[in-house]
Amino acid sequence: MQEKYLPQDIERAAQAKWAHTQAFRAADDGDRPRYYCLSMFPYPSGKLHMGHVRNYTIGDVLARYHAMRGFNVMQPMGWDAFGLPAENAAIANGVPPAKWTYANIDHMRTQLQALGFAIDWSRELATCKPDYYRWEQWLFTRLFEKGVIYKKMATVNWDPVDQTVLANEQVIEGRGWRSGALVEKRDIPMYFFRITQYADELLTGLDTLPGWPERVKTMQANWIGKSVGVRLAFPYQLSSPASLEGEGRGEGGEVENGQLWVFTTRADTLMGVTFVAVAAEHPLATRAAANNPELAAFIAECKQGSVAEADMATMEKKGMDTGLKVTHPLTGEFIPVWVGNYVLMSYGEGAVMAVPAHDERDFGFAQKYGLPIKQVISVENETFSLDAWQEWYGDKTRGRCVNSGKYDGLGYEAAVDAIAADLAAKGLGEKKTQFRLRDWGISRQRYWGCPIPIIHCDACGDVPVPAEQLPVVLPEDVVPDGAGNPLNKRADFVNCTCPKCGGAARRETDTMDTFVESSWYYARYACPDFAGGMLDGRAKQWLPVDQYIGGIEHAILHLLYARFFHKLMRDEGLFGAEHIVQGRGVASPSPQPSPLEGGGANDALRAPKAIDEPFANLLTQGMVIADTYYREDAAGKKTWFNPADVETRDGVALLKSDGQPVVVGGTEKMSKSKNNGVDPQALIDQYGADTARLFTMFAAPPEQSLEWSDAGVEGAHRFLKRLWKTVYEHMQGAAASPSPQPSPLEGEGANDAQGAPKAIKDLRRQLHQTIQKVGDDIERRKQFNTAIAAVMELMNALAKLDGDDATTRSVRQETLEAAVALLAPIVPHIAEALYAELRPGAALAWPAVDESALVQDEIELMLQVNGKLRGSLRVPAAADKAAIEAAALASEAAQKYLEGQPPKKVVVVPGRLVNIVV
RNA sequence: GCCGGGAUGGCGGAAUCGGUAGACGCAGCGGAUUCAAAAUCCGCCGCUGGUAACAGUGUGGGGGUUCGAGUCCCCCUCCCGGCACCA
């Protein structure tokens with residue numbers, strides 16, 4: 001055995017062996033239970049970052065653990081290859097996005113392979129390849145014909161200088177990122193997925209996902225935002241535009257009757273409405289602005305700035321009176337109509353009824369513009385005052401109606417019911433369930449994406465591309481210049497013939513949101529080579545994904561879209577005909593298959609699973625963060641330095657190149673802008689993949705953010721060196737000993753109460769406790785840092801075990817074999833090499849727990865007096881409560897505090913503590 | 001602004017069901033080894049007082065429940081993620 005731990009050598013050898021034996025090829029057939037372990041695929045941005053290393057190591061630990069326990073594991077990998085950064089790189093460097101993307105993929109694949117992940121590379125896919133996106137286009141055309149996809153107008157960020165649509169990310173403080181021009185909102189036609197049709201199922205489906213983090217389910221539920229309220233109308237009469245002002249009834253001219261619809265969850269406050277507010281894009285606002293230049297200017301101002309909700313919600317609330325009046329649906333009173341910059345056209349009806357007395361935002365608005373505030377809810381012992389908003393004004397749980405005529409005295413629910421009934425009788429309203437969730441607009445005015453398979457024909461309208469003409473191939477030789485979609489300039493792409501009438505037609509040049517590609521890739525991994533359709537029978541066999549791993553930042557959008565897409569594919573019959581109808585699939589997910597005992601178990605077939613949800617278990621990992629360092633010049637411009645170029649001496653951070661100090665700027669998410677990314681490649685080159693893997697798993701639990709630390713990496717590497725050395729010395733001892741290599745102790749031998757020395761018994765107990773804990777930490781708790789800590793403790797204990805007799809050497813052998821196997825999912829290369837030394841020719845197997853080694857005959861309890869720790873107590877493991885209490889009271893510590901008095905109370909928690917209250 | 005999460009020694013973190021706060025690792029300090037250094041090995045290590053035994057105190061801040069609270073409840077502060085065209 002080699003004396004030194006040489007990670008580069010053993011990692012190269014292990015990876016070569018795995019490649020040669022195709023060790024990670026998932027079998028599509030066979031009767032071993034399956035385990036589908038999936039990490040979110042990367043965007044091929046250039047090179048791997050630490051977040052990738054962390055994500056894929058977590059997945060790899062789970063995949064390798066399950067493989068060791070006998071599962072048929074599938075862990076695939078692919079590339080989320082369409083997207084904006086490729087276009088940005090093209091603008092910056094003049095390289096076609098396709099070329100840039102494929103080069104990045106090649107480099108990153110090499111990096112992933114160097115980390116030794118147990119990936120089945122035969123299933124690799126890239127979303128920018130026609131053999132992938134053709135099926136997305138195919139599904140689009142099916143859904144378009146079914147009406148699940150439809151076209152409507154939607155608002156986008158428009159850069160008036162670059163003449164292009166901007167992503168929210170490209171709008172910096174209301175201005176275009178390249179031109180610096182003030183961004184405008186502009187309405188353009190887009191295609192939408194009718195995700196709201198599935199809102200209820202997406203909400204109730206969350207209850208069938210016990211393997212998802214509560215917080216992700218809560219976020220999704222809030223995002224879907226189901227609320228029961230009342231949709232109601234404020235009738236109005238408008239005369240011809242010439243006389244729009246005044247009471248709105250108009251003298252002379254044509255009278256137009258209309259209804260302004262709003263949605264409210266507080267119909268009980270309807271009698272307190274003092275104005276209604278409409279969005280700037282609302283038809284009524286447009287109408288009123290026609291001959292009101294001041295209002296038109298205000299509407300134009302509202303249309304400036306980005307469409308991002310965070311911007312909308314934090315800006316100053318502004319409004320303007322339209323001069324129009326509507327009538328209250330119950331009282332017939334005239335109510336003024338305002339335009340409000342805070343009213344969203346895309347939610348509800350694009351208009352809200354304002355009750356300043358009982359809505360905080362309306363209250364502020366009314367105060368600002370001097371609009372009336374009318375109290376219609378009161379709470380006992382509370383006094384209403386116009387001076388300031390008070391919490392109870394908006395509380396619907398405690399109030400009763402006042403100043404509301406026949407509704408006075410009613411509580412929230414009774415008032416809503418009564419008012420809804422009266423509105424319904426007049427045909428001016430009804431109860432309605434409203435979702436916050438909006439339909440998913442997928443049109444992007446960008447080049448590097450999946451073409452939307454629609455042909456525009458003057459005679460036939462929007463015609464979906466027939467299946468036999470798919471895929472609509474995206475030309476890959478295009479270089480975008482940042483001004484508009486370059487596809488529009490490609491006559492060879494745009495010009496085509498209408499599939500219906502054969503006349504000249506134009507191809508749609510918008511591409512799809514890249515979220516569409518990432519919404520179904522998990523299913524395609526089951527059958528990436530299937531040329532006859534989107535999915536084949538293998539998808540049904542592998543799905544749902546047993547374990548999905550990815551960043552918490554995807555908690556809502558990606559995970560919701562993928563759940564939605566899964567249901568679309570189900571209803572398209574892609575998982576088998578029996579699942580087509582909603583809700584007719586298997587009712588609830590089966591529990592996780594339990595690990596196989598002994599690794600064989602042909603009968604432990606995977607139980608039937610629900611096909612309604614794509615991901616049975618979800619793990620959301622935290623970010624990787626690192627220190628930032630900078631220097632500031634006279635003009636206040638900061639230059640950021642990479643942590644790799646900085647060293648800390650005596651608590652002062654110095655730049656390595658000039659030895660001068662730099663400012664420490666705090667710990668932040670690794671990013672290009674702060675130049676604090678640590679390149680995994682440098683780490684692998686210096687310490688090897690196992691050290692990189694060990695450190696990322698040890699430094700923090702998966703769900704928390706992970707702080708980068710060079711010293712921590714050293715520590716991880718040191719542990720692996722020590723592990724290597726321990727095995728080496730053990731093997732040297734074995735070679736020198738007269739007896740052949742020791743076999744590990746099995747059960748009885750060393751464990752016999754009289755036979756074995758205490759040190760041996762204690763170590764074996766710790767060993768088997770550790771086996772139990774590590775399995776539990778990996779499989780149930782998914783907390784790998786404590787699993788590693790437990791093995792470290794075991795190794796520390798082993799180091800203290802002296803002796804060279806046969807029994808000691810056998811226990812040492814048993815302990816080392818188990819420790820190496822327990823670490824194998826985390827540091828597979830070194831484990832492979834050490835196990836080959838400890839057990840030549842044997843395959844790595846998960847160690848079994850020896851229950852008899854866990855038995856203890858005496859245990860230690862802590863002794864508290866008044867809840868404070870005052871001593872400890874040794875009692876037989878079998879002692880009952882009375883015996884423990886007697887022993888506790890008799891103890892020296894108890895006597896000291898009791899001072900001869902009887903205790904007030906004694907609390908005995910068997911196996912834990914005794915608390916004496918004096 | 002809205003939704004979700006977090007805060008524990010000098011640092012990363014542990015404490016799994018309300019029961020020994022600080023496991024494990026890093027840094028630091030002391031020692032061994034060495035001509036010396038690196039590497040390695042051994043020991044110490046929350047804070048305050050004390051030579052020590054020990055005592056007090058301590059999980060972002062304030063209050064509460066309990067024999068007992070890092071953990072449960074109420075209020076507050078700060079930090080992070082998401083907000084529909086970044087992926």
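Owing to the predicted nature of the structure, the values given are computational and were not obtained by experimental measurement. First the proteins, then the strands, lettered A, B, ... as listed; each starts at 1. The figures here come from the full heavy-atom set of this structure, side chains too, leaving out hydrogens, waters and symmetry mates.
- Anti is the conformation of B:G58, whose glycosidic angle sits further than 90° from 0.
- A distance of about 13 Å separates the C1' atoms of B:U59 and B:C47, rounded to the whole Å.
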Using a cut-off of under 3.5 Å, enumerate the N/O to N/O pairs linking the protein to nucleotides 48-50 of chain B.
none

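- Within the 4.0 angstrom heavy-atom criterion, base atoms lie near A:Met190.
- Within the nucleic acid shown, A:Ser443 comes within 4.0 Å of at least one base atom, counting heavy atoms only.
- Across B:G12 and B:C83, the matching P atoms stand 28 Å from one another, rounded to whole Å.
- Among the heavy atoms of the strands, none lies under 4.0 Å from A:Met40.
- Relative ring orientation between A:His554 and A:His558 is described as perpendicular, the plane-to-plane angle rising above 60° on a 0-90° scale split at 30° and 60°.
- Residue contacts shown for A:Val165 include a base, since a base heavy atom lies under 4.0 Å away.
- Counting non-hydrogen atoms under 4.0 angstrom, A:Leu863 reaches nothing in the nucleic acid.
- For B:G56 and B:C24, the C1' atoms lie 29 Å apart once the distance is rounded to whole Å.
- When the side-chain nitrogen and oxygen atoms of A:Gln704 are compared with OP1 and OP2 of B:G6, none of them lie within a distance under 4.0 Å.
- Remark: the separation of the C1' atoms in B:A55 and B:G60 is 27 Å, to the nearest Å.
- Judged by closest nucleotide on RNA chain B, A:Lys317 is the one of A:Lys317 and A:Lys896 placed further toward the 5' end.
- Nucleic acid contact for A:Lys904: none, since no nucleic acid atom lies under 4.0 Å from a heavy atom of the residue.
- In this entry the distance linking CZ of A:Arg215 with P of B:C3 reads 17 Å, nearest Å.
- Within the 4.0 Å cut-off from OP1 or OP2 of B:C86, not a single side-chain nitrogen or oxygen of A:Asn168 is found.
- The aromatic rings of A:Phe82 and A:Trp448 lie perpendicular to each other, with more than 60° between the two planes, well past the 30° mark.
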| task | Going 5' to 3' through nucleotides 18-31 of chain B, assign each nucleotide B (protein heavy atom under 4.0 Å from a base atom), S (under 4.0 Å only from sugar-phosphate atoms) or - (no protein heavy atom that close). | result | -BS--BBSSS----
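- In this structure, A:Trp223 reaches the bases: a heavy-atom distance under 4.0 Å links it to at least one base atom across the strands shown.
- Using a 4.0 Å heavy-atom criterion, one finds that A:Pro701 contacts the sugar-phosphate atoms exclusively.
- Using a 4.0 Å cut-off, some side-chain N or O of A:Arg781 falls inside it from OP1 or OP2 of B:A15.
- No engagement by A:Lys4 is indicated, since no non-hydrogen atom pair under 4.0 Å with the nucleic acid exists.
- B:C17 takes the syn form, because its glycosidic angle lies no more than 90° either side of 0.
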| Bracket notation of RNA chain B in which parentheses pair within the strand, [ ] cross earlier pairs, and | pairs with another strand (Watson-Crick or G-U, under 3.5 Å) | (((((((..(((......[....))).(((((.......))))).((((....))))..(((((..]....))))))))))))....
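- Using atom C1' as the reference point in both B:U57 and B:G9, the two lie 14 Å apart (nearest Å).
- A gap of 12 Å separates the P atoms of B:G70 and B:G22, to the nearest Å.
- Listed nucleotides: B:C11, B:A55, B:C83. Nearest to the side chain of A:Arg870: B:A55.
- No contact: A:Tyr342 has no heavy atom under 4.0 Å from any strand.
- Rounded to the nearest Å, the gap between the C1' atom of B:C11 and that of B:C67 is 36 Å.
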